[in-house]
Number of protein chains: 2
Amino acid sequence: MNRLVDMQEMLSQATTLEELQTFVEQLRSTYDLEHLVYHSVNSTGDQYAALTYDPKWAERYVEKDYARIDPVVQGCYRLFHPIDWKSLDWSTKTARSFMGEATQAGLGNQGFSVPIRGPSGQFALFSINHRCSDDTWATYTNERAADLLLISHYMNEKALQIEGNANRPAARALSPRERDTLTLLATGANRASIAESLNISESTLRVYIESARLKLGASNTTHAVALALSHGMIVV
Amino acid sequence: MNRLVDMQEMLSQATTLEELQTFVEQLRSTYDLEHLVYHSVNSTGDQYAALTYDPKWAERYVEKDYARIDPVVQGCYRLFHPIDWKSLDWSTKTARSFMGEATQAGLGNQGFSVPIRGPSGQFALFSINHRCSDDTWATYTNERAADLLLISHYMNEKALQIEGNANRPAARALSPRERDTLTLLATGANRASIAESLNISESTLRVYIESARLKLGASNTTHAVALALSHGMIVV
DNA sequence: CGTTGCCTCGCTATTTTTGGGGAGGACCAA
DNA sequence: TTGGTCCTCCCCAAAAATAGCGAGGCAACG
């Protein structure tokens, strides 16, 4: 019975990006789908995709930078929940012509996407695609949405983990005082008021800002706060 | 058979926060769990929780601001995937004493949490809690993780929708130039270099910074960048 | 017992940002 | 046409941040 467990098992053994490609193909046949895409963009703009689309379509998509007009991508960037493609806005001319081209490339009429947000501004999209009637599709998604949502998250985790192995030298951890300082700076307080609320002199405060800045490799305070925020080192 | 469909049905009919409370209680019995919590914090710091814990414990938790030391909350703030409580760091003294108190309050030894990030820096935590052996718990979570992950997202969507009805005047949208400006500021560039890279005068640049600051209600540039970042208005 | 990291404070001078002000042109929608 | 929102530029004076420096105390680690 348990497709989900099988898939998790398979995923847990993957150690390379190639294996993730194999995984999505396996996923497609196991869940009996027309197509399936995992697409990740990290904060530095690096992209990675594992998909079952016709390679020519994928190539054209990248070449034409279709992500800019694809209603699925555009919609998911500003949405935060799994969504059926039908509920997106396909009314514009560009969207319609894009859909026409996609259909030509073998995409089915039905789709469902899961936006996933990870650390440091990473964003991934997990989409399934099929050709069938609305009713059949409703049954499909009801049956599989839970599984696929879970898989999409674990797949993203795995992809990040694999990519993370070829990683950049992580910023050093911040000391408690440094975190306090950056947190308060992020709230818009100035040095004088922060020093007061932390009960230290402004001189001391400056040392924290400076050391945090150096640790994070930031070029100024605003940069340091932005880095700490997007790395989850502080929370506002 | 289908608990999940029943729960989705029940959730879709909820229109008030009270009904969400009823929903988590129903969820607890349907999924046979010790406890269950949905806790949301939006960008303005407003909090909402629906939970099955002893009200006294919830009250004490809020009063003592335990979210600051709760390893589950702290862990999930910096993690982006569903996580078993066992894999968190319980080694510090404060964490251990916190856990002791939680156990006193009736919490089970096992837990599983799903961090959920929504629009404008909204953050929610969906946790399940139970008292059982590790093996039993592994079986539990395997069986239910997919359902609960799906439910957690739909519940968050619902909670946002309900709260959204009683909404605040959101920060005004930023113009493209304002976004450019804040984005570059977040990378640590100073005004001179940003003006150069945007091919405008530093005077013009200052107008953007200032108007963005006013729109966001920020007290200074760093604050504006932090707000724009945590509201997802810019991405670094 | 030395090193390392953290917390604390002080100093100087320079550079940058901030908070106001005004002003013209483009564009779009009511 | 008028009003709104952008985009662009300029001025000034005051406030704040920055880049360095040095230096003592404390706790933990080896």
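Chain letters run A, B, ... following the sequence lines, proteins first, then strands; residues in each count from 1.
For B:I200 and D:dC6, the CD1 to C1' distance is 12 Å, given to the nearest whole Å. Atom CG in B:L174 sits about 15 Å away from atom C1' in D:dC7, given to the nearest Å. Atom pair A:K215:NZ and C:dT4:P shows a separation of 15 Å (rounding to whole Å applied). Atoms CG (B:N190) and P (D:dT18) sit 11 Å apart, rounded to a whole Å. Residue B:R179 contributes atom CZ, which lies 14 Å from atom C1' of D:dT5 at whole-angstrom precision. Straight-line distance from the CG atom of A:L205 to the P atom of D:dA17: 9 Å, rounded to whole Å. Distance NE2 (A:H223) to C1' (D:dT18): 16 Å, rounded to an integer number of Å. We find that CG of B:N220 is positioned 13 Å from P of C:dT17, with the value rounded to whole Å.
Two residues are said to be in side-chain contact when any heavy atoms from C-beta on lie closer than 4.5 Å; A:L198 and A:R177 meet this criterion.
For the pair A:V207 and A:A189, nearest-nucleotide mapping onto DNA chain D gives the more 5' position to A:A189.
The phosphate of D:dC7 (OP1 or OP2) has no side-chain N or O of B:T204 nearer than 4.0 angstrom. B:S201 has no side-chain polar atom (N or O) that falls below the 4.0 Å cut-off from OP1 or OP2 of D:dT8. Residue A:R191 has a polar side-chain atom (N or O) positioned under 4.0 Å from OP1 or OP2 of D:dT18. Dashed line: the shortest gap from a side-chain N or O of B:Y208 to OP1 or OP2 of D:dC6 is not under 4.0 Å. Note on A:R213: every side-chain N or O is 4.0 Å or more away from OP1 and OP2 of D:dT18.
Remark: A:K56 does not engage A:E59 in a salt bridge, criterion side-chain N to carboxylate O under 4.0 Å.
Between the side chain of B:R177 and the base of D:dT8, no donor-acceptor pair of N or O atoms lies under 3.5 Å. Between the side chain of A:R206 and the base of D:dT18, a donor-acceptor pair under 3.5 Å is found.
Among the protein residues, B:S203 comes within range of the nucleic acid bases, having at least one heavy atom under 4.0 Å from a base atom. Across all strands, A:T221 comes closer than 4.0 Å only to sugar-phosphate atoms, never to a base (heavy-atom distances). Here A:E178 lies out of heavy-atom contact (under 4.0 Å) with every strand. At a threshold of 4.0 angstrom between heavy atoms, the contacts of B:S175 are confined to the sugar-phosphate backbone, with no base atom among them.
Heavy atoms of other residues, nucleotides or ligands lying less than 6.0 angstrom from CD of B:Q104 number 12 at most.
Ring geometry for B:Y66 against B:F98 counts as perpendicular: the plane angle is over 60°, on a 0 to 90° scale with 30° as the lower cut.
Partner of A:Q110 under the side-chain hydrogen bond (donor to acceptor under 3.5 Å, both in side chains) criterion, chosen from A:T141, A:N129, A:D84, A:D134: A:D134.
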